[in-house]
*Asks:* 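Could you have a look at this structure, given as structure tokens, before my questions?
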Amino acid sequence: MTDYIIVEQPSAHPGVQLIRFNRPEKKNAITRAMYRTMADALKAADADPAIRAIAFLGTEGCFSSGNDLNDFLAAAVGGGGLEQEILDFLYALVKAEKPVVSGVDGLAIGIGTTIHFHCDLTIASSRSQFRTPFVDLALVPEAGSSLVAPRLMGHQRAFAMLAAGEAFSAAEAKEAGLIWKVVEPGEVDAMTLTTAARLAAKPPQALRIARDLVRGDRDEIIARIDEEARHFSARLKSAEARAAFEAFMRR
């Protein structure tokens, strides 16, 4: 299962820890075990002084299609809530002490989109698409996106993404401030790793202070993640969500 997440330090990019989704046959849908692996990798990166930047990548044509809906369906049927593995990953991402860079090629759905609200720089290919169909699945926004997105994008674009479930092209995501650069598909991996390596080469203490000043209070984001999780867990137990999951799985 851990092969679905590759964690490595590329020799060509010293100081960078790469976390790569590697489940292309399922469009990099994220399972509980994958969340656990990523949370552990983020915590290990913070504890290792040799690692000075973190990079997230997916596979060709897909960053991530979001949470594995089989897990959600199991929660809906069994009356469970949002898994602790997901929350542990989100906490680790928000609290990460090293700069985080992400690279997107193709699909970025659900948390495949909201993860980038917590990245410092995101590079996306011109064919990328960002979408959060939470309400379509009778759910609510997660990962603190209901707090961060309106601040970053303004109310109307945040509502279009998080409530209306509208898809954003790479160009639209860049205009909205969700991503930093748009490149050609074959350039995403190299640009992401090179960008992370440039950050890793900077004076680490000065960079950390600058990053903390730019990012601001993280406790507020953690509190919103917890508030969203309470609503999310309640929605998972609803008949409305169960019907939406079952309809999706029948497609």
Side-chain angles (χ1 to χ4, degrees), residues 1-7 19-23 26-46 54 56-58 62-96 100 102 104 107-119 122 130-149 161-162 165 218-238 240-242 244-245 248-249:
M1 183 65 71
T2 54
D3 290 343
Y4 292 155
I5 297 292
I6 296 174
V7 181
I19 302 173
R20 185 190 290 276
F21 296 108
N22 187 43
R23 199 188 180 198
K26 294 294 185 180
K27 297 181 180 179
N28 295 331
I30 312 172
T31 65
R32 295 174 65 176
M34 292 166 70
Y35 278 114
R36 187 182 307 115
T37 299
M38 291 192 294
D40 290 345
L42 288 169
K43 294 172 187 176
D46 275 346
I54 299 160
F56 279 93
L57 286 171
C62 185
F63 180 74
S64 174
S65 59
N67 292 292
D68 190 310
L69 287 186
N70 285 315
D71 286 353
F72 278 173
L73 184 57
V77 172
L82 193 66
E83 293 92 348
Q84 189 61 44
E85 292 89 345
I86 298 176
L87 291 174
D88 287 346
F89 166 69
L90 294 176
Y91 296 153
L93 179 62
V94 172
K95 295 177 181 179
V100 181
S102 55
V104 178
L107 289 178
I109 309 298
I111 197 165
T113 284
T114 57
I115 188 175
H116 307 295
F117 286 117
H118 306 292
C119 294
T122 297
F130 300 83
R131 188 162 61 89
T132 61
F134 300 126
V135 173
D136 293 338
L137 293 171
L139 298 172
V140 297
E142 38 85 305
S145 58
S146 64
L147 176 69
V148 180
M161 173 173 280
L162 299 176
R218 302 184 201 183
D219 290 340
E220 187 179 15
I221 299 174
I222 295 293
R224 180 58 64 93
I225 288 173
D226 289 339
E227 181 181 1
E228 291 170 345
R230 289 192 291 272
H231 288 292
F232 205 101
S233 294
R235 294 303 309 156
L236 277 174
K237 300 171 187 176
S238 70
E240 189 176 52
R242 180 175 179 175
F245 295 149
F248 183 88
M249 299 300 283

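Start at 1 with the first residue, then count along the sequence.
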*Asks:* Going by ring pair (Phe, Tyr, Trp, His ring centres under 6.0 Å), name the residues that satisfy it together with Phe134, two or more places apart in sequence or in a different chain.
*Replies:* none
*Asks:* What distance do Arg218 atom CZ and Ile225 atom CD1 have between them, rounded to the nearest 0.5 Å?
*Replies:* 11.5 Å
*Asks:* Please identify each residue that fulfils side-chain hydrogen bond (donor to acceptor under 3.5 Å, both in side chains) with Ser64, with sequence neighbours left out.
*Replies:* none
*Asks:* Among all residues two or more places apart in sequence or in another chain, which pass the ring pair (Phe, Tyr, Trp, His ring centres under 6.0 Å) test with Phe56?
*Replies:* none
*Asks:* Is Asp68 reaching over with its side chain to a backbone N or O of Ile30, donor-acceptor style, under 3.5 angstrom?
*Replies:* no
*Asks:* List the atom of Gly110, the atom of Pro133, and the distance in Å for their closest heavy-atom pair.
*Replies:* N-CD, 4.1 Å
*Asks:* Please find the pair of heavy atoms, one from Phe63 and one from Gly58, that lie closest to each other, and give the distance.
*Replies:* CD1-N, 3.7 Å
*Asks:* Just verifying a value: how many Å separate Leu42 CG and Ile19 CD1, rounded to the nearest 0.5 Å?
*Replies:* 4.5 Å
*Asks:* Ile222 versus Lys95: any side-chain heavy-atom pair under 4.5 Å?
*Replies:* yes
*Asks:* Closer than 3.5 angstrom, by distance alone: can the side chain of His118 be matched with the main-chain N or O of Ala96 as a donor-acceptor pair?
*Replies:* no
*Asks:* Once salt bridge (Lys or Arg N to Asp or Glu O under 4.0 Å) is applied, do any residues pair with Arg131, and if so which ones, sequence neighbours excluded?
*Replies:* none
*Asks:* Return the set of residues passing side-chain hydrogen bond (donor to acceptor under 3.5 Å, both in side chains) with Asp226 (not counting sequence neighbours), or none when no residue passes.
*Replies:* Tyr91
*Asks:* When you measure from the side chain of Ser102 to the backbone N and O of Thr122, does any donor-acceptor pair fall under 3.5 Å?
*Replies:* no
*Asks:* Hey, could you give me the CG/CE distance between Leu93 and Met38, rounded to the nearest 0.5 Å?
*Replies:* 9.0 Å
*Asks:* Quick one: pull up CD in Glu240 and CG in Leu137 and give me the separation to the nearest 0.5 Å.
*Replies:* 10.5 Å
*Asks:* Could you pull out all residues at least two apart from Arg230 that satisfy salt bridge (Lys or Arg N to Asp or Glu O under 4.0 Å)?
*Replies:* none
*Asks:* Given Glu227 and Leu147, is the side-chain contact (heavy atoms from CB on, under 4.5 Å) satisfied, shown in steps?
*Replies:* CA-CA 11 Å; Glu227 181 181 1; Leu147 176 69; over 6 Å; no
*Asks:* Once the angle between the rings of Tyr35 and Phe89 is folded into 0 to 90°, is it parallel (under 30°), tilted (30 to 60°) or perpendicular (over 60°)?
*Replies:* tilted
*Asks:* If I compare all heavy atoms of His231 with all of Val140, which pair ends up nearest, and what's the gap?
*Replies:* CB-CG2, 3.9 Å
*Asks:* Can you tell me how far the NZ atom of Lys27 sits from the CD1 atom of Ile109, to the nearest 0.5 Å?
*Replies:* 8.5 Å
*Asks:* Could you tell me which non-hydrogen atom of Ile54 sits nearest to which non-hydrogen atom of Ala45, and how far apart they are?
*Replies:* CD1-CB, 3.8 Å
*Asks:* Hey, is the main chain of Ala234 close enough, under 3.5 Å, to the side chain of Ser238 for a donor-acceptor pair?
*Replies:* no
*Asks:* Between the side chain of Glu228 and the main-chain N/O of Gly144, is any donor-acceptor distance below 3.5 Å?
*Replies:* yes
*Asks:* If you look at every heavy atom in Ile111 and Gly66, which pair is closest and at what distance?
*Replies:* CG2-CA, 4.0 Å
*Asks:* What distance do Ile5 atom CD1 and Asn28 atom CG have between them, rounded to the nearest 0.5 Å?
*Replies:* 7.5 Å
*Asks:* Tell me, do Thr31 and Arg23 make a side-chain contact under 4.5 Å, heavy atoms counted?
*Replies:* yes
